[in-house]
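FYI, side chains are in, hydrogens and waters are out, and symmetry mates aren't considered; it's all heavy atoms of this structure. Fair warning: this is a prediction, and the values are worked out from it, not measured in the lab.
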Amino acid sequence: MKRNIACLTLAITALLGSAAVPAFAALFPVTPDLSVPVSQYVTQVNADKSITFRLFAPGAKRVSVITGSTPDSYVSHDMSKDASGVWSWKSGALAPNLYEYYFDIDGFRSVDTGSRFQKPQRQVNTSLILVPGSILDDRAVPHGDLLTVAYHSKELGSERRVYIWTPPGYNGKGEPLPVLYFYHGFGDTGLSAIDQGRLPQIMDNLLAEGKIKPMLVVVPDTETDIVQAIPENFPPKERRKSFYHLNAKAADRELMHDIIPLVDARFNVRKDASGRALAGLSQGGYQALVSGMNHLDSFGWLATLSGVTTTTVPDAGVSAQFTKPALINKQLHNFTVVVGEKDSVTGKDIAGLKSELEKEGIKFDYKVYPGLNHEMDVWRPAYVEFVQKLFK
C-alpha cells in the first residue's frame, strides 16, 4: 500500500509540475514607515551646500558611500544606521558642481535607489547630485529645445537616435545655423552628454550671457553596436587592440552618410566646413580625431578632450593627414587638445598626440587641467571653453 501511495504521489507531481511541490516564498524587502516623510530617508543637498547621503537598508550589516569620479579619486565614507534602518553620512560644504557617488552595501555596488538622478551608462552603477551655484544650473534664462531624433542608419543597419539641442526660439527660419557634433565617452550613452555633461544648461547659460553664437549641438551615440564591435564583448585591457578602431570606422560611416545628411535635410543649417565643428571626450575624442582628419574638408573646428589617439590606436587616414600640416592649419580655425594632469586612462595618448602635432608643425590649442584625472571636471570646463571659440 505504501508503495502504491508513493507511486501515485510521483505521478501527480509529474502531471502538475513544480506547482504541486510545496515551496517557501522569498521574503519581500522591508519598506520605510509610511508615516515618515520621504525626505527623511533619501539623499539631499543642505542649505550650507553640504550633502547628507542616506540609504534605507535596515538589513544591511555595513554601508558606505563612495564619492569621487575615478578610481584614483574614490573616497569611502562609513555610514551609520539609526533605529529606523536609515544609513547616513554628511559631507562638508562643497563647491557648486555635479558630483558622482555610489553605495557599497555589504560589498555590493549600488546606485542611490532614493534618487532618480543616475549617471547614464550602458551598465548603470553611479548616481549624480547637483550642488547649485554654477553654469551647470537651470537658470531663469531663455531655454533651447532638446530633441530626440530617431532614424534608420543604413550604414549600421539598425534603428538609432541622436539628441539635438536647438537655441531658444529656433524655428528653422532665417540664416542657417552652424552645427557642433559632439561624441560621448566609452561606457556611456548619448544622454551622458545631456544629463551629466549638462550641455543644454551650459548652452542656455552661455548664450544668455552672449558668450557663444547660436548653433545646433548634435549628440550621436558613440557606440555603434555592430556585431564586430559590441563593447561588452571586449576585455577592458584589450579594447585598444581592435574595438576602438572597428567602432570608430563604423561610427565614421554613420556620421558622414547618415547623421550629417539627416541634420542637413531636417534643419536649416550651414553646410560649409566652417559651419561644422566636431568634438568628443575620451573614446569620443578618438571618434572626433578619426572623422575630423579623414574628412578634413567637412569640418572647420576640432577638439579632442582627453581622447584616445593614434598613439595607441593607429589610423592610416589620420597618420596620412598629419603629414600635411599646411593643409590642416589652413582648414581648421581651431584644433583643441586638453587633458587632466593625472589622467591615467588617456594621458599617454594625449602626450603622444601633442608630440606628433608639434613635430609636424600643426597648430593647436593645448590645456592641462591641474590635479585632475579622466573625468567630467576636465571635460565640462573644456567644453565651455571650446564652444566659446566656435563660429566666430
**OP:** Return yes when atom CZ of Arg161 has more than 12 non-hydrogen atoms of other residues, nucleotides or ligands closer than 6.0 Å, and no otherwise.
**Re:** no
Original post:
Got a donor-acceptor contact below 3.5 angstrom from the Asp349 side chain to the Ser306 backbone?
Top reply: no
Original post:
So does Lys389 have more than 12 non-hydrogen atoms from other groups sitting under 6.0 Å from NZ?
Top reply: yes
Original post:
Are the side chain of Arg270 and the backbone of Pro178 linked by a donor-acceptor contact shorter than 3.5 Å?
Top reply: no
Original post:
Which residues satisfy the salt bridge (Lys or Arg N to Asp or Glu O under 4.0 Å) test with Arg139, sequence neighbours excluded?
Top reply: Glu209
**OP:** Would you indicate whether Lys359, at its atom NZ, is surrounded by more than 12 heavy atoms from other residues, nucleotides or ligands within a distance under 6.0 Å?
**Re:** no
Original post:
Should the pair Arg276-Asp264 be classified as a salt bridge under the 4.0 Å nitrogen-to-oxygen rule?
Top reply: yes
Original post:
Do the side chain of Asn205 and the main chain of Ile135 share a donor and acceptor less than 3.5 angstrom apart?
Top reply: yes
Subject >> Min side-chain heavy-atom separation Leu199-Val219 under 4.5 Å >> reply: yes
Original post:
Would you say the side chains of His374 and Asp72 form a donor-acceptor pair under 3.5 Å?
Top reply: no
**OP:** Using a strict 4.0 Å threshold on nitrogen-to-oxygen distance, state whether Asp343 and Lys348 make a salt bridge.
**Re:** no
Original post:
Is the backbone N or O of Ser344 less than 3.5 Å from a side-chain atom of Asn373, with the two atoms forming a donor-acceptor pair by type?
Top reply: yes
**OP:** Please check if any side-chain donor atom of Asp138 sits under 3.5 Å from a side-chain acceptor atom of Gln201, or the reverse.
**Re:** yes
Original post:
Which pairs count as salt bridge (charged side-chain N to carboxylate O under 4.0 Å, His left out) when at least one residue sits in residues 41-50, sequence neighbours excluded?
Top reply: none
Original post:
If you draw a 6.0 Å radius around CD in Glu175, do more than 12 non-hydrogen atoms from other residues or ligands fall strictly inside?
Top reply: no
Original post:
With a 4.0 Å cut-off, would you call Asp315 and Lys249 a salt bridge?
Top reply: yes
Subject >> Plane angle bin for Phe234 and Phe243 - parallel if under 30°, tilted between 30 and 60°, otherwise perpendicular >> reply: tilted
Original post:
Between the main-chain N or O of Ala288 and the side-chain N or O of Ser291, is there a donor-acceptor pair closer than 3.5 Å?
Top reply: no
Subject >> Closest contact, heavy atoms only, Val378 versus Pro381 >> reply: O-CD, 3.4 Å
Original post:
Atom OH in Tyr101, atom OG1 in Thr43: separation rounded to 0.5 Å?
Top reply: 4.0 Å
Original post:
If you round to the nearest 0.5 Å, how far is NE2 of His333 from CG of Leu302?
Top reply: 12.5 Å
**OP:** For the pair Gln118 (side chain) and Ser115 (backbone), establish whether a donor and an acceptor sit closer than 3.5 Å, ignoring hydrogens and angles.
**Re:** yes
Original post:
Could you give the distance from CZ (Arg160) to CD1 (Ile259), rounded to the nearest 0.5 Å?
Top reply: 7.0 Å
**OP:** Ignoring hydrogens and angles, tell me if any N or O in the side chain of Asp258 forms a donor-acceptor pair with the backbone of Pro261 under 3.5 Å.
**Re:** no
Original post:
Which value, rounded to the nearest 0.5 Å, describes the distance between Tyr170 atom OH and Leu216 atom CG?
Top reply: 5.5 Å
Subject >> Charged tip of Arg54 within 45° of Tyr41 ring normal and under 6.0 Å >> reply: no
Original post:
Going by distance alone, is a donor N or O of one side chain under 3.5 Å from an acceptor N or O of the other, for Glu254 and Tyr151?
Top reply: yes
Subject >> Heavy atoms of other groups near Lys271 NZ, more than 12 under 6.0 Å >> reply: yes
Subject >> Presence of salt bridge, Arg122 and Asp221, under 4.0 angstrom >> reply: no
Subject >> Output field: ring centroids Phe56/Trp87 closer than 6.0 Å >> reply: no
Subject >> Backbone of Asp112 reached by a side-chain donor or acceptor of Ser127 within 3.5 Å >> reply: yes
Subject >> Donor on one side chain, acceptor on other, Thr52 and Asn46, under 3.5 Å >> reply: yes
**OP:** Establish, for the pair Lys354 and Tyr366, whether the NZ or CZ atom is under 6.0 angstrom from the six-membered ring centre and no further than 45 degrees off its axis.
**Re:** yes
**OP:** Run the ring-centre check on Phe386 versus Phe335 and record whether the distance is less than 6.0 Å.
**Re:** no
**OP:** Determine, using ring centers only, whether Tyr286 and Tyr183 are less than 6.0 Å apart.
**Re:** no
Original post:
Checking Asp204 side chain against Gly144 main chain: does a donor-acceptor pair fall under 3.5 Å?
Top reply: yes
Original post:
Centroid-to-centroid, Trp379 to His184, below 6.0 Å?
Top reply: no
Original post:
Is Val65 close to Tyr102 at the side-chain level, that is, under 4.5 Å between some pair of heavy atoms?
Top reply: no
Original post:
Just by distance, with hydrogens left out, do Asn294 and Asp252 show a side-chain donor and acceptor under 3.5 Å apart?
Top reply: no
**OP:** Please assess Phe103 against Phe108 for the test ring pair (Phe, Tyr, Trp, His ring centres under 6.0 Å), listing each intermediate value before the final yes or no.
**Re:** CA-CA 8 Å; Phe103 293 119; Phe108 173 74; over 10 Å; no
Original post:
Roughly how far apart are Asp188 CG and Gln123 CD, rounded to 0.5 Å?
Top reply: 10.0 Å
Subject >> Short side-chain to backbone donor-acceptor contact, Ser153 and Leu156, under 3.5 Å >> reply: yes
Original post:
Would Ser73 and Thr70 count as having a side-chain donor-acceptor pair, cut-off 3.5 Å?
Top reply: yes
Subject >> salt bridge (Lys or Arg N to Asp or Glu O under 4.0 Å) partners of Glu385, counting only residues at least two apart >> reply: Lys367
Original post:
Rounded to the nearest 0.5 Å, what separation is found between the CE atom of Met203 and the CZ atom of Arg198?
Top reply: 15.0 Å
